[in-house]
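Below is one structure, written out as structure tokens, with a few remarks after it.
In what follows, every heavy atom counts, from backbone to side chain, and hydrogens, waters and symmetry copies are set aside. The structure presented is a predicted model; accordingly, all values stated were derived computationally and were not measured. Note that the numbering runs from 1 along the sequence shown for the chain.
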Amino acid sequence: TNFNGVPVGRLARINDDSNVDQNFLTGSGVNAVINSIVVQTDQKILIGGVFTNYNGAGRNAIARLLPDGTLDSSFNPGSGPDNAVYAVTLGSNGRIYVGGSFTTFNGVTRPGLVALTSAGAVDTTFNTGSGVAGKVFSVAVQPDGKVIVGGDFTVVNNVSRAGVARLNADGTLDNTFLAGQSGADSAVRAVVVQGDGKIVIGGSFLTVNGAPRSGLARLNADGTLDATFLGSGVVADAVVLAVVA
């Protein structure tokens with residue numbers, strides 16, 4: 001709630017000299033934790049978490065800010081999700097992907113993952129069926145529009161998928177990804193797609209597809225383990241929460 005002695009409402013923008021940007025007008029900010037921040041190409045800012053308001057205005061777990069930090073009233077998620085948001089990711093054509101521990105978003109059933117329009121409404125062209133049976137901590141979008149999710153789950157749309165899964169651009173499960181593989185033995189907290197199409201995952205797992213991989217692993221484009229990456233499998237002695245490629 002403060003940065004370098006300056007009171008902030010859990011969100012601040014920092015200048016190059018490390019001081020708080022006083023021109024970023026968040027007011028009282030949010031009333032609880034922010035888990036995810038993403039900046040759009042137009043410099044608007046999406047935030048997701050467990051808050052219920054932004055600068056006094058009702059916004060449940062997700063909001064969009066103008067570049068100056070004030071609330072973007074053109075983004076209206078309605079009642080929002082019924083539980084926490086852990087990940088917000090941008091897709092193509094203005095689509096916004098939101099992952100979390102919710103089961104509904106603005107009254108529409110979307111367990112664990114929902115796609116929104118640029119205005120904040122549920123994008124009904126992206127339908128995950130019975131959805132993710134658990135928490136989604138990370139979402140990554142491939143250039144072809146397919147969506148990879150990582151989290152604490154073992155089932156996606158009634159199909160066994162442990163910790164990581166890939167969905168088609170319409171939300172249906174991509175059955176070619178991780179087919180016949182056991183997945184991660186514990187939560188996947190971070191997912192990133194490399195330029196060559198391989199996928200790096202981080203989390204609290206100790207094995208991936210039955211092979212030792214402590215906290216970090218790389219998958220081939222079909223979900224099989226990339227044995228050329230971290231062959232020893234001994235990497236981290238604690239949970240890996242973020243990966244950048």
So which heavy atom on [X] is nearest to which on [Y], and how close?
X	Y	value
Asp123	Arg95	OD2-NE, 3.0 Å
Thr224	Gln181	CG2-NE2, 3.9 Å
Ser74	Arg64	OG-NH2, 3.5 Å
Leu90	Gln40	CD1-CA, 3.8 Å
Leu65	Phe24	CD1-CZ, 4.4 Å
Val8	Leu11	CB-O, 3.8 Å

Subject >> Neighbour count above 12 (heavy atom, 6.0 Å) for Asn93 CG >> reply: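 Atom CG in Asn93 is not packed in, count stays at 12 or less.
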
**OP:** Count the heavy atoms belonging to other residues, nucleotides or ligands that lie under 6.0 Å from CG of Asp196, then report whether that count exceeds 12.
**Re:**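 Yes, CG of Asp196 has more than 12 neighbouring heavy atoms, counting only those of other groups under 6.0 Å.
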
Does [X] share a hydrophobic cluster with [Y], counting links as ILVMFWY side-chain heavy atoms below 4.5 Å and allowing steps through other members?
X	Y	value
Tyr54	Ile45	yes
Leu225	Ile201	yes
Val85	Ile96	yes
Val108	Phe102	yes
Leu173	Val132	yes

Subject >> CA sep, side-chain torsions, deciding dist, call: Asn83, Thr103, side chain to side chain contact (heavy atoms under 4.5 Å, CB included) >> reply: CA-CA 7 Å; Asn83 213 328; Thr103 56; over 6 Å; no

Is the backbone of [Y] close enough, under 3.5 Å, to the side chain of [X] for a donor and an acceptor to pair up by distance?
X	Y	result
Ser182	Gly210	yes
Asn209	Gly223	yes
Asp68	Leu25	no
Ser138	Gly150	no
Arg166	Ala221	yes
Arg218	Asp226	no
Asn55	Ser28	yes
Asp185	Thr207	yes

Original post:
In terms of side-chain heavy atoms, does Thr52 have a donor or acceptor partner in Asn60 at a distance below 3.5 Å?
Top reply: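 Short answer, no.
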
Original post:
Do Asp222 and Asn220 have side-chain N/O donor and acceptor atoms under 3.5 Å apart?
Top reply: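 Absent: no donor and acceptor within the cut-off.
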
**OP:** Just jot down the ring-ring contact (aromatic ring centres under 6.0 Å, His included) partners of Phe51, sequence neighbours excluded, or say none.
**Re:**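 Expected list: none.
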
Subject >> Partner of Arg13 by side chain to side chain donor-acceptor pair (under 3.5 Å), out of Asn23, Thr26, Asp21 >> reply: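 Considering Asn23, Thr26, Asp21, a side chain to side chain donor-acceptor pair (under 3.5 Å) with Arg13 is found only for Asp21.
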
Original post:
Hey, which of Asp17, Asn15, Asp16 is the one that makes side chain to side chain donor-acceptor pair (under 3.5 Å) with Asn19?
Top reply: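 Testing each of Asp17, Asn15, Asp16 against Asn19, the sole residue satisfying side chain to side chain donor-acceptor pair (under 3.5 Å) is Asp17.
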
Original post:
With Pro67, which residues qualify under side-chain contact (heavy atoms from CB on, under 4.5 Å), at least two apart?
Top reply: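 Counting only residues at least two positions away or on another chain, Pro67 forms a side-chain contact (heavy atoms from CB on, under 4.5 Å) with Gln43, Lys44.
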
Any side-chain heavy atom of [X] within less than 4.5 Å of one from [Y]?
X	Y	result
Val188	Phe205	yes
Val164	Ile148	yes
Ile199	Phe177	yes
Leu216	Phe229	yes

**OP:** Please assess Thr89 against Val141 for the test side chain to side chain contact (heavy atoms under 4.5 Å, CB included), listing each intermediate value before the final yes or no.
**Re:** CA-CA 8 Å; Thr89 303; Val141 183; 4.0 Å; yes

Original post:
Where do Val240 and Arg189 land on the side chain to side chain contact (heavy atoms under 4.5 Å, CB included) test, with the steps shown first?
Top reply: CA-CA 7 Å; Val240 174; Arg189 301 297 298 256; over 6 Å; no

Subject >> Pair Leu167-Val156, side chain to side chain contact (heavy atoms under 4.5 Å, CB included): steps then yes or no >> reply: CA-CA 9 Å; Leu167 307 175; Val156 177; 4.0 Å; yes

Subject >> Identified side chain to side chain contact (heavy atoms under 4.5 Å, CB included) counterpart of Asn106 within the set Pro77, Ser79, Pro81 >> reply: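 Checked Pro77, Ser79, Pro81 against Asn106; only one passes side chain to side chain contact (heavy atoms under 4.5 Å, CB included): Ser79.
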
**OP:** With rounding to the nearest 0.5 Å, note down the distance linking CG in Asp152 to CZ in Phe137.
**Re:**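 These two atoms lie 5.5 Å from each other.
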
Original post:
Measuring from Ile34:CD1 to Leu46:CG, what's the distance to the nearest 0.5 Å?
Top reply: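 With rounding to 0.5 Å, CD1 (Ile34) is 11.5 Å from CG (Leu46).
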
**OP:** Apply side-chain hydrogen bond (donor to acceptor under 3.5 Å, both in side chains) to Ser130 and Asn157, showing your working.
**Re:** CA-CA 5 Å; Ser130 61; Asn157 201 12; 3.1 Å; yes

